[in-house]
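Since the structure comes first, as structure tokens, the remarks are kept for the end.
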Amino acid sequence: MSTFTPRDAATSHAAVPSAALTVLPLLLLLTVVGGLVTYKATDALAVIEKVRATGTIKPRFDLVGAGSASAWLGVFGRTYSYFSAVW
């Protein structure tokens, strides 16, 4: 009768888990990036079609603020403005 030790368990693993640890995160990253590109491209194509149909572009002058706020408040304000326009 043989006994099974933790050392035996560590040496009995094949190379498949290390390959899976490389491939699975890459597939996850590819899926997330692909979903984001699809999501943003759909909205962008809708805006392009709207511009083609109407012949006008609505400018967003409020994206870059030129106010007299402090530097950090300006950065946060511009960041908020950007994300509210993009998302």
Side-chain angles (χ1 to χ4, degrees):
M1 178 168 143
S2 67
T3 59
F4 187 75
T5 64
R7 181 179 173 160
D8 295 335
T11 59
S12 66
H13 292 300
V16 174
S18 65
L21 290 176
T22 303
V23 172
L24 290 177
L26 291 175
L27 286 176
L28 179 63
L29 178 64
L30 182 64
T31 302
V32 169
V33 170
L36 181 61
V37 167
T38 302
Y39 169 72
K40 297 307 284 181
T42 303
D43 288 343
L45 291 174
V47 170
I48 291 170
E49 187 58 36
K50 182 179 176 184
V51 169
R52 280 187 185 162
T54 62
T56 60
I57 297 174
K58 180 183 172 188
R60 296 288 308 258
F61 295 111
D62 60 337
L63 287 180
V64 179
S68 61
S70 70
W72 282 108
L73 182 58
V75 168
F76 289 124
R78 287 191 305 270
T79 302
Y80 174 76
S81 179
Y82 170 76
F83 280 116
S84 64
V86 170
W87 295 105

Kindly check if the number of other-residue, nucleotide or ligand heavy atoms within 6.0 Å of CD1 (I57) is above 12?
no
Is K40 atom NZ crowded by more than 12 heavy atoms from other residues, nucleotides or ligands, each under 6.0 Å away?
yes
Given the rule that I, L, V, M, F, W and Y join up when any side-chain heavy atoms are under 4.5 Å apart, are L36 and L28 in one cluster?
no
Please report the interatomic distance CG(L24) to CG(L29), rounded to the nearest 0.5 Å.
12.5 Å
